[in-house]
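Just so it is clear, the values below take in all heavy atoms, side chains as well, and ignore hydrogens, waters and symmetry mates. Chain letters run A, B, ... following the sequence lines, proteins first and then strands; every chain starts at 1.
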Number of protein chains: 2
Amino acid sequence: MHDHQVCINHAMQMAKSVCKRNKQELTPLRQAVLKLIWNSHQPVTAYQILADLSKKRKMVAPPTVYRTLEFLEKNGLIHKIESLKAFIGCSHPDQNHGSVFLICRKCNYVQEELDMHGQSNIDKIVNKNIFLPQSYVIEVIGFCKSCH
Amino acid sequence: MHDHQVCINHAMQMAKSVCKRNKQELTPLRQAVLKLIWNSHQPVTAYQILADLSKKRKMVAPPTVYRTLEFLEKNGLIHKIESLKAFIGCSHPDQNHGSVFLICRKCNYVQEELDMHGQSNIDKIVNKNIFLPQSYVIEVIGFCKSCH
DNA sequence: TATTAACATGTTACATTATAACATAACATC
DNA sequence: GATGTTATGTTATAATGTAACATGTTAATA
Ligand SMILES: [Zn+2]
Ligand SMILES: [Zn+2]
Ligand SMILES: [Zn+2]
Ligand SMILES: [Zn+2]
């Protein structure tokens, strides 16, 4: 357990400054979606967001949600968990980083850990193959400390 | 370039022995799907398989394909590339292993590299968090040697 | 101040990916 | 030949994601 309000406040503050830095607008819609995502440390699907958002505002359609998610992801404010087709707030949007996601199958908590891709065993493989990496998907599925 | 017929033959041989070891049946349907997947080193979607298979045999429905894919995956004969929602033959179905997939955005070639999860930086993170890993999704998206 | 360009959001209609639930077949064992 | 098990077929629908075009909003710029 932790004071999650701190997480939310921090995330929203970060978002403001990141968007400012990137010269991008953090509109009310984008803020609302980001806040919904930060409701928990569990990943949420686009259609969960769609439902939640449609309660708060008038009915929204899928493109609205997907576009907003795209914006947030491009600006490093959220990540997509590919193995779950779901989205989660980025814990470190200010830093340029790769991430390792630890995904608990029982409680759904997702822990994002920084990983400076560059000298890991994965990068050894990348280099050995003369591969030019552009993005990484690194997800570990299992049970978190509390759940096993 | 390489003699891909060798890859196919090897894969089908391996499949036979793996299924025997696992006491599982490699039925004609399952063989057909595996062969279709091994048509190339590029990942194929379930619905591509559905289309191909429906040409070879009588029309098949999605559950037939998804069930077969599930069987093949459970027996370690194929892998799902999560970031592409597509499937690819496993190059090393006989060994118990983790994999790193190098996915070329231009030519779609997917290189599977073995990675004995256990002492990598990812596992350091796993251990630090007292996380009990069950499966890994490790995908690097970029450009292969030939394409950059 | 009208005009334009840009960006953001709304709307409609679909495409793609995946699964639930139930029915039948195929085969082995008793 | 009844029974259980595994594999496959069938129908229907759920869940995820996008293309294309319309409208609104704001801020230069003519
Ligand atoms: Zn929190
Ligand atoms: Zn947990
Ligand atoms: Zn080959
Ligand atoms: Zn390539």
Side-chain angles (χ1 to χ4, degrees), chain A residues 15-16 18-20 22-37 42-75 77-88 108 137 139, chain B residues 15-16 18-20 22-37 42-75 77-88 108 137 139:
Chain A
K16 260 181 213 172
V18 165
C19 286
K20 197 168 187 180
N22 294 355
K23 294 193 171 70
Q24 299 285 311
E25 259 202 275
L26 190 63
T27 62
L29 173 64
R30 289 165 178 171
Q31 285 187 48
V33 170
L34 184 59
K35 216 165 198 170
L36 282 176
I37 291 173
Q42 286 147 0
V44 287
T45 68
Y47 278 77
Q48 283 176 306
I49 293 165
L50 178 67
D52 290 353
L53 199 60
S54 292
K55 279 179 213 155
K56 296 213 169 193
R57 327 182 119 214
K58 64 183 169 197
M59 191 68 179
V60 298
T64 301
V65 173
Y66 280 100
R67 275 193 299 235
T68 307
L69 290 171
E70 190 187 9
F71 171 90
L72 294 172
E73 196 173 24
K74 270 192 180 155
N75 286 278
L77 299 172
I78 64 171
H79 296 290
K80 179 170 190 186
I81 307 293
E82 295 289 346
S83 60
L84 298 177
K85 304 184 208 347
F87 301 84
I88 192 154
N108 264 343
V137 173
E139 302 172 4
Chain B
K16 261 181 213 172
V18 165
C19 286
K20 197 168 187 180
N22 295 356
K23 294 193 170 69
Q24 299 286 310
E25 259 203 274
L26 190 61
T27 63
L29 172 66
R30 288 163 178 173
Q31 285 186 48
V33 170
L34 184 58
K35 217 166 198 170
L36 282 175
I37 290 173
Q42 286 147 1
V44 288
T45 68
Y47 277 78
Q48 284 176 307
I49 293 165
L50 178 67
D52 290 353
L53 199 60
S54 292
K55 279 179 214 157
K56 298 214 167 193
R57 329 183 118 213
K58 65 184 170 197
M59 190 68 180
V60 298
T64 301
V65 174
Y66 279 100
R67 275 192 298 233
T68 307
L69 290 171
E70 189 186 8
F71 171 90
L72 295 172
E73 196 174 23
K74 268 192 182 158
N75 286 277
L77 300 171
I78 63 170
H79 296 290
K80 179 170 192 188
I81 307 293
E82 294 289 346
S83 60
L84 298 178
K85 304 183 209 345
F87 301 84
I88 192 154
N108 263 345
V137 173
E139 302 172 4

**Fill in**
Per atom distances to the B:K85 side chain, the nearest of C:dA18, C:dT11, C:dA8 is C:dA18

**Asked** When the distance from CG of A:L53 to C1' of C:dT9 is rounded to whole Å, what number comes out?
**Response** 12 Å

**Prompt:** Of the nucleotides C:dA18, C:dT11, D:dG9, which has the atom closest to the A:T64 side chain?
**Reply:** C:dT11

**Prompt:** Between the base of C:dA15 and the side chain of B:Y47, is there a donor-acceptor distance below 3.5 Å?
**Reply:** no

**Prompt:** Any side-chain donor paired with an acceptor under 3.5 Å for A:E139 and A:S83?
**Reply:** yes

**Request:** Return the value, rounded to whole Å, for the distance between atom CZ of A:R30 and atom P of C:dC7.
**Result:** 11 Å

Which atom pairs, donor and acceptor, lie under 3.5 Å between side-chain atoms of residues 51-63 of chain A and protein residues at least two apart or in another chain?
residue, atom, partner, partner atom, Å
A:S54, OG, A:L50, O, 2.8
A:S54, OG, A:V60, N, 3.2

**Prompt:** Ignoring hydrogens and geometry, is there a side-chain-to-backbone donor-acceptor pair from B:R30 to B:L72 under 3.5 Å?
**Reply:** no

**Fill in**
When rounded to whole Å, the CG to P distance for the pair B:L69 and C:dT17 reads 12 Å

**Message:** Of the listed nucleotides (D:dG17, D:dG9, C:dT9), which one gets closest to any side-chain atom of A:Y66?
**Reply:** D:dG17

**Prompt:** Can you tell me how far C1' of D:dG17 sits from CD of A:E82, to the nearest Å?
**Reply:** 12 Å

**Request:** Please tell me which of the listed nucleotides, D:dA7, D:dT11, D:dT18, lies nearest to the side chain of B:E25?
**Result:** D:dA7

**Request:** Rounded to the nearest angstrom, tell me the gap between atom CD1 in B:I49 and atom P in C:dT16.
**Result:** 16 Å

**Request:** Give a yes or no on whether the backbone of B:E70 and the side-chain of B:E73 come within a donor-acceptor separation of less than 3.5 Å.
**Result:** no

**Request:** Could you work out which one of C:dA21, C:dT17, D:dC21 sits closest to the side chain of B:R67?
**Result:** C:dA21

**Asked** Touch check for B:K80, heavy atoms < 4.0 angstrom, all strands: base, sugar-phosphate only, or nothing?
**Response** sugar-phosphate

**Request:** Round to the nearest Å and state the distance from A:F87 atom CZ to D:dT16 atom P.
**Result:** 10 Å

**Asked** Does B:T68 have a side-chain nitrogen or oxygen under 4.0 Å from the phosphate oxygens OP1 or OP2 of D:dT8?
**Response** no

**Item:** Enclosure of A:K80 NZ (heavy-atom neighbours >12, cutoff 6.0 Å)
**Value:** yes

**Fill in**
Assert: residue with more 5' nearest nucleotide on DNA chain D, out of A:A46 and B:P28, is B:P28

**Item:** Residue whose closest nucleotide on DNA chain D lies nearer the 5' end, B:F71 versus A:T45
**Value:** B:F71

**Request:** Figure out the CG/P separation between B:L84 and C:dA18, and round it to whole Å.
**Result:** 11 Å

**Request:** Compare the minimum distances between each of D:dG17, D:dT10, C:dT9 and the side chain of B:P63, then state the nucleotide with the smallest one.
**Result:** D:dT10

**Asked** In whole Å, what is the span from the CE atom of B:M59 to the P atom of D:dG9?
**Response** 12 Å

**Complete:** Testing C:dT9, C:dT12, D:dG9 for proximity to the side chain of B:L29, the answer is D:dG9

